[in-house]
Structures are given as structure tokens and as C-alpha cells.
Amino acid sequence: MNRERLITATPVPELRNMKLPDDLQKLTLPQCEALCEKIRKLLIDTVLQTGGHLSSNLGVVELTLALHRHFHSPQDRLVWDVGHQAYVHKILTGRAGRLPELRQENGLAGFPKPSESVHDTFITGHSSTAVSAAFGMAEAMRMSGDTTHYAVAVVGDGAMTGGMVYEGLNNAGKTKTNLIVILNDNNQAISKNTGAIAKYLTRIRSSSDYVRAKWKVESVIRKTPAIGDMLAVKLKNTKDRMRHNLVQSTIFEDLGFVYLGPVDGHDMEALDDVLEVAKSYRRPVLVHVNTVKGKGYKPAEDNPGEYHGVPRCEHIHADIARVDLDAKDPELSIDECFSTVFGRHLTELARQDDRICAVTAAMKYGTGLQFFAAAHPGRFYDVGIAEQHAVTFCAALASMKKLPVFAVYSTFLQRSFDQLLHDAAIAGYHLVLGVDRAGLVGEDGETHQGIFDIPMLTAIPGCTVYSPANYAELKLCLGRALYEDKGLVAVRYPRGKEKEHSALKPAPVLTHDAGSETLIVTYGRLSEQVTEAAAQLRREGIPCGVLRLTKVFPLPDETLTIAKQYQNICVFEEGSTSGGIGEKLAAMLLLNGWNGTFRCHAINGFVQQAAVNACLANVGLTEPDICAAVREMHNG
């Protein structure tokens with residue numbers, strides 16, 4: 001192998017001229033290393049233009065190349081956890097030419113997407129699912145008589161803070177399936193990992209010379225002609241027994257996995273060796289790989305959290321060594337926006353009330369809680385990627401007369417439905433949900449659109465839901481949620497900023513601008529579009545009324561009285577039609593004898609990636625769409 005490194009490498013073929021991923025197995029190690037540099041430059045040049053997850057992908061370049069050299073996708077199944085680290089996988093499976101379309105409308109998805117490529121085996125927009133998915137695939141292979149292929153889960157150490165990983169490990173470890181779990185350990189999720197698991201992995205990283213030597217010896221012996229495989233099997237079985245008696249085992253071995261590592265995730269030769277050893281066991285194996293998040297781009301290496309996700313930039317310097325980024329990471333709430341207004345106001349309320357506690361699931365900066373963490377560290381909890389635990393933890397705090405506030409993205413709140421219902425609502429515990437990124441979020445696509453929280457939350461008895469339209473209303477709703485309402489209370493708000501120079505006056509429950517014949521009903525961010533549409537319609541001689549809800553559930557008592565004054569009612573909501581507020585209003589009117597024309601314009605199904613304004617246009621919720629729908633209803 002060392003001799004090979006001294007040979008002058010032939011030029012690396014252009015990706016567009018390669019049959020991918022098969023041709024990757026033909027490359028020499030020097031060619032692989034040169035290709036990794038090309039891929040890093042492609043990532044930096046492209047992702048700084050399109051926006052997306054940069055640091056995590058720069059950290060897995062060598063690892064992804066090694067996986068595609070040792071496994072045969074799609075016959076071998078690769079599952080990425082979380083899927084935002086799969087850009088290199090997309091490049092190496094023939095999609096490099098489409099990378100400039102990343103996260104754009106009708107372009108490449110920012111996460112693995114089976115409808116996009118046969119090499120994308122599973123949707124992994126949410127964390128900690130890959131072990132379960134890969135184990136299911138491995139079992140399906142076994143049942144089909146396929147003993148030659150593997151299912152491989154690439155799991156970031158941030159995902160290891162989610163309990164579902166351990167459910168999968170626990171279930172898989174007792175089997176004999178061809179399952180390999182790659183633990184991609186960069187000591188980062190979006191922000192720096194916290195908790196006992198992070199400390200445990202740090203201890204393994206610094207105390208595993210024995211294990212590293214063990215698989216290295218096995219790799220050398222396996223390459224010995226004729227007797228290599230047989231001797232390696234006997235040797236590793238003997239060493240396993242010796243190590244069991246002499247060295248403390250890892251949690252992964254205790255769960256039934258063979259543990260290999262830690263391995264330098266940027267050393268192609270080391271990766272080649274350990275993956276071949278892992279394949280030889282033909283039983284569940286965990287390979288611990290150390291990587292550097294942001295590798296090869298100094299600003300991202302120095303601050304991987306801030307470069308976890310980057311915004312779209314129109315103009316960048318092409319030189320890899322000099323590219324810099326002044327714009328803020330869209331995953332970090334730093335400038336004024338709904339998230340920071342929420343976080344700052346909660347921090348101020350907590351100065352006056354020592355019962356208030358703040359909880360996040362690995363999204364301290366994304367949810368604006370960095371201010372609370374700095375001001376009240378003894379009452380701030382980052383529980384890792386563990387939304388279920390977060391809700392039960394909050395319910396227990398509430399049972400002890402504290403005032404817990406769980407700030408969480410709408411899409412991730414979905415993971416905690418049972419805890420909201422069983423652990424919080426049944427007992428009537430008072431806890432507040434700050435539901436961030438409610439509504440359409442844009443380029444992250446269908447895995448992250450926040451359009452299902454209202455159907456989910458309104459199915460829970462006793463739950464109260466607010467949907468403020470601006471910063472002042474957000475502060476008002478948060479105060480009411482903490483001190484006036486009881487039980488489970490959610491305050492939901494969108495990603496981004498309020499409209500500048502908004503004419504909307506904050507209201508705790510609702511506002512009604514009277515009209516005749518036709519009533520437009522809405523809430524949240526759409527309040528601005530509806531208000532402007534109504535003004536345009538009035539200029540056209542259609543004097544419609546506007547009912548803007550701040551408290552969206554339970555529907556305020558005044559709602560029925562106001563609605564029954566109109567013959568036509570048109571609802572616009574940035575959420576799912578099924579289970580939405582429009583359906584609930586229609587049911588209320590029907591049950592109370594209203595006999596008029598009712599239309600609900602909401603979202604059916606999933607929403608593909610595009611800019612937020614494009615998403616709104618695609619689902620018919622822009623100002624022109626609102627005007628057109630009301631005109632049609634008015635004209636009969």
C-alpha cells in the first residue's frame with residue numbers, strides 16, 4: 001500500500017465521465033485523495049451559492065467515497081442519519097451535474113429521497129432513524145435469501161442523543177444480519193453535543209488503542225494468500241475472548257455489536273481497512289469513525305456550528321482558501337426574527353419569575369434560546385435530539401409547580417405526540433410549547449414544512465393554540481400562555497421576520513374588520529396577505545370582512561357570532577386542510593344551522609422544496625390567489 005502511494009497517480013477522471021458509483025472502486029488511493037479535494041471545492045463553490053448544509057458534508061467526503069468503494073449501491077443499502085450529510089453521496093451516485101439545483105424548486109432535495117434516485121434508500125429528514133431502517137432492510141435481505149449484501153447506517157454522533165437509535169441497536173444486536181452501523185463522530189450536531197453520551201464518546205475516542213490495533217492486525221492477516229480469511233476469523237475470535245476478560249467493553253458490544261475503531265475518517269487507507277474487516281464479520285458491526293466537521297474549509301472548521309447550514313449567496317470568491325461568508329446561518333437565530341423575539345422575551349419574563357424553565361432539543365440557537373441559556377443557565381436544558389424526552393421532562397417540571405417552556409420546530413414536535421397526549425394533557429399539566437418554524441419553511445422541503453402541528457395539537461383535549469402575526473402579538477400570546485391559560489398551550493410562529501411597517505394591531509384573541517356578504521378568515525403569517533388582498537378587493541367594489549384569529553383553538557366564542565353575519569365565508573390557512581382550523585369552523589357553522597357558501601383554501605398533502613414565496617404560490621396562498629378566490633365566490 002505504501003509503495004502505491006509513491007507511484008505517480010494518473011489524473012482523476014471527471015465525475016461526468018465516470019460510471020458512478022461503480023468506477024470509484026477502480027481508483028488508486030492517490031486518485032481518491034485527489035478526488036476528495038475536487039469534491040470539497042465543488043461543495044464549497046456550490047453550497048455557498050445554493051444554500052444548504054455545508055460543514056457536515058465537508059466532514060464526510062472520505063467516508064462517503066470509502067463506502068461507495070466497498071459497498072455496491074443500490075444492492076447494498078446506505079441509510080444516512082441525518083440525511084443532510086448526504087450531498088457527497090448524491091455527487092458520487094451520478095448527480096454532481098445537478099448540484100447547482102440543490103434545494104431549489106424541482107431540483108435536488110437536501111435530504112435522501114427515494115423518488116429522486118435508487119441510491120437514496122430511505123427518507124431521513126429527521127434524526128436517529130437510520131439504525132431501525134437499515135436493520136429492517138438487512139432483515140428483508142435475510143428473509144429473501146440474500147446473504148451477500150449489506151445494509152449500512154451512517155449515524156452522526158448528534159443522532160446518538162436520540163433514543164430511537166438505542167431501540168434499533170438493542171433490537172438488532174441479538175441477530176446475525178449483515179448490518180453495519182457507521183458512527184460518524186465529529187462531536188457536533190448543529191451546535192456542540194451535550195450530555196452523557198457525548199462524554200462517553202469522548203472517552204472512547206481517547207482510550208481505544210487496543211481496538212484500533214486489533215482490526216489493523218486482522219486487516220493485514222486477511223490479505224495473506226490462501227489462509228488469510230480462515231486465520232483472521234480464528235484470531236479475532238480469540239482476541240474477542242481475551243478482550244472480554246481484560247478490557248472494559250463498550251456499550252455497543254454490550255448490545256451485541258462488534259465494535260471497531262475509532263478510525264480517522266479522513267484517512268482513506270484506514271477506512272479501506274476497517275470497512276473490509278467490518279464486512280467479514282457478517283453480523284452487526286459498529287464502526288466508530290472520527291471526522292472533522294467543516295474539513296478543508298477553515299471558517300467552517302473553526303466554527304462548524306455557524307456553518308452547519310449556510311444561506312444562499314449570489315456572489316462568492318472561487319478560491320477555496322479565501323472563500324468567506326458574512327451572511328448568517330439560517331439555522332442560527334441571531335438577527336431579529338420571530339425566534340429571537342421569542343427567546344429574548346422569555347428571558348425577560350424569567351428574570352421576574354424563577355419558576356420559568358426553558359427546554360430545547362439540540363436547537364438552542366435555532367429557537368433563540370441562547371439568550372435564556374446565558375442569563376439563566378440553571379434553568380436551561382438542552383436535552384439533545386430527544387423531543388419525546390423533552391415533553392415528558394417538561395410535564396414532570398410542571399408537576400412540581402415549575403413553568404416549563406419547550407421551544408421546538410413544528411416538524412420536530414411531531415415526534416412527541418404520545419408524550420403530549422399521555423404525559424402532559426391527561427393530567428392537565430401546564431406547559432408551554434414555543435412552536436417555531438410553523439408553516440412553510442421553504443428549501444428543506446416536505447420533511448421540514450411545519451404544516452401539521454395544528455391538526456396534531458387540536459386533537460389533544462384541553463390544548464390551547466395561538467398563532468400570532470407579528471412580534472408584539474407573539475409577546476402578548478407568550479404572556480397569556482404562561483399566566484392566563486391552563487394545561488397544554490402552544491404558541492406557534494413562522495420562520496423569519498415580521499413584515500416591516502405592518503398595519504396589523506396586536507390582538508390577544510381576534511380582530512374583525514366588518515364587511516358585507518363575504519368574510520375572509522385567516523391567522524398567523526397569512527394575516528398580512530389577507531389584509532392587503534381585502535384592501536384590493538374593496539377598491540374593486542367587493543366590501544369583504546376580515547376575521548383574523550390570534551387564538552386559533554379552541555375557536556373563540558365570538559367566532560360563531562361574527563361568521564353568521566355573512567353569506568359567504570372563505571378561509572385561508574398555512575397548514576393542512578385535514579384537521580385544520582377551516583374544517584373546525586365549518587363544523588361549528590354546520591352544527592349551529594348556518595346555511596351559506598363555505599370555502600377553505602389550505603394545504604393538501606406534502607409540499608416540495610422551493611423558496612417560501614414559491615411554496616405559497618404553489619399552494620395558492622399568495623395575495624393574488626386570495627383575491628381570485630374571493631372574486632370567484634363573490635361572483636357566484
Side-chain angles (χ1 to χ4, degrees), residues 439-440 454 465-470 472-473 494 498-577 580-604 613 615-636:
L440 296 168
I454 282 183
V465 183
Y466 291 95
S467 190
N470 52 39
E473 219 162 64
E498 69 175 1
K499 182 185 176 183
E500 292 185 9
H501 311 301
S502 173
L504 298 178
K505 295 180 179 179
V509 179
L510 59 77
T511 57
H512 175 221
D513 296 330
S516 61
E517 292 191 31
T518 301
L519 177 67
I520 307 175
V521 182
T522 195
Y523 58 86
R525 175 165 52 187
L526 285 187
S527 297
E528 297 288 355
Q529 286 94 319
V530 163
T531 300
E532 293 175 2
Q536 173 60 32
L537 290 164
R538 288 168 186 147
R539 288 191 290 269
E540 297 175 14
I542 304 175
C544 52
V546 174
L547 176 59
R548 185 173 70 80
L549 300 171
T550 305
K551 181 181 179 182
V552 299
F553 189 80
L555 284 168
D557 295 337
E558 307 96 306
T559 306
L560 180 62
T561 303
I562 294 169
K564 290 180 74 172
Q565 301 172 22
Y566 294 85
Q567 183 60 31
N568 303 317
I569 297 176
C570 201
V571 179
F572 295 91
E573 63 178 312
E574 192 181 340
S576 173
T577 300
I581 299 304
E583 279 193 355
K584 291 170 173 56
L585 177 58
M588 173 189 280
L589 291 167
L590 179 64
L591 292 171
N592 284 275
W594 181 77
N595 185 20
T597 303
F598 187 95
R599 298 283 186 274
C600 181
H601 298 267
I603 298 172
N604 294 305
N613 287 337
C615 287
L616 288 168
N618 292 340
V619 297
L621 293 176
T622 64
E623 181 188 340
D625 295 319
I626 294 167
C627 288
V630 175
R631 286 191 203 101
E632 181 182 358
M633 174 176 277
H634 179 78
N635 296 329

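The basis for the numbers below is simple: all heavy atoms, side chains too, and nothing from hydrogens, waters or symmetry mates.
Distance CD1/Ile542 to CG/Asn568: 10.5 Å, rounded to 0.5 Å. The structure places CE of Met588 at 10.0 Å from CD1 of Ile581, a figure rounded to the nearest 0.5 Å. Here the CD-OG1 distance, from Gln529 to Thr531, works out to 9.0 Å after rounding to the nearest 0.5 Å. Within the model, atoms OG1 of Thr577 and CG of Asn604 stand 3.5 Å from one another, a figure rounded to the nearest 0.5 Å.
Inter-residue side-chain proximity for Arg548 and Val530 is flagged as unmet; no heavy-atom pair is nearer than 4.5 Å. In this structure, the side chains of Glu528 and Ser502 come closer than 4.5 Å at one or more pairs of heavy atoms. Residues Leu590 and Phe598 have side chains not in contact (no heavy-atom distance under 4.5 Å, counting atoms from C-beta outward). In this structure, the side chains of Ile603 and Leu621 come closer than 4.5 Å at one or more pairs of heavy atoms. Annotation: side chain of Ile562 is in contact with side chain of Leu510 (closest heavy-atom distance under 4.5 Å).
Counting only distance, with no hydrogens or angles, the side chain of Glu574 and the backbone of Arg525 share no donor-acceptor pair below 3.5 Å. Distance alone, capped at 3.5 Å, is enough to place a donor-acceptor pair between the Thr522 side chain and the Phe572 backbone. No donor-acceptor pair under 3.5 Å is formed between the side chain of Tyr566 and the backbone N or O of Cys544. Side chain of Glu573 to backbone of Gly582: a donor-acceptor contact under 3.5 angstrom is found. At least one donor-acceptor pair under 3.5 Å links the side chain of Glu473 to the backbone N or O of Ala507. Thr518 places no side-chain N or O within donor-acceptor distance of the main-chain N or O of His634, the cut-off being under 3.5 Å.
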Practice prompt. Evaluate side chain to side chain contact (heavy atoms under 4.5 Å, CB included) for Leu537 paired with Ile520, printing each intermediate quantity in order.
Written response: CA-CA 11 Å; Leu537 290 164; Ile520 307 175; 4.2 Å; yes
Worksheet item: Going through the distances and angles, do Val619 and Leu440 end up as a side chain to side chain contact (heavy atoms under 4.5 Å, CB included)?
Response: CA-CA 10 Å; Val619 297; Leu440 296 168; 4.2 Å; yes
Item to complete: Apply side chain to side chain contact (heavy atoms under 4.5 Å, CB included) to the pair Thr511 and Leu504, showing each step before the final yes or no.
Response: CA-CA 10 Å; Thr511 57; Leu504 298 178; over 6 Å; no
Discussion item. For His601 and Ile626: C-alpha separation, side-chain torsions, deciding distance, then whether side chain to side chain contact (heavy atoms under 4.5 Å, CB included) applies.
Written reply: CA-CA 9 Å; His601 298 267; Ile626 294 167; over 6 Å; no
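Between Glu540 and Arg631 there is a salt bridge, with a side-chain nitrogen of the basic residue lying less than 4.0 Å from a carboxylate oxygen of the acidic one.
The number of heavy-atom neighbours closer than 6.0 Å to CG of Asn613, taken from other residues, nucleotides and ligands shown, is 12 or below. Annotation for Asn635: atom CG counts as buried by contact number, over 12 foreign heavy atoms lying within 6.0 Å.
Shown here for Pro506 and Asn470, the closest heavy-atom pair between the two residues is CB-OD1, 4.5 Å. Here the closest non-hydrogen pair linking Ala563 and Trp594 is O-NE1, 3.9 Å. Of all heavy-atom pairs spanning Leu589 and Ile569, the tightest one is CD1-CD1, 3.5 Å. The heavy-atom pair separating Gly524 from Ala469 by the smallest distance is O-CB, 3.5 Å. Of all heavy-atom pairs spanning Ala534 and Val546, the tightest one is CB-CG2, 3.5 Å.
The residue from Leu555, Val571, Thr559 that alone fulfils the side chain to side chain contact (heavy atoms under 4.5 Å, CB included) condition with Lys584 is Leu555.
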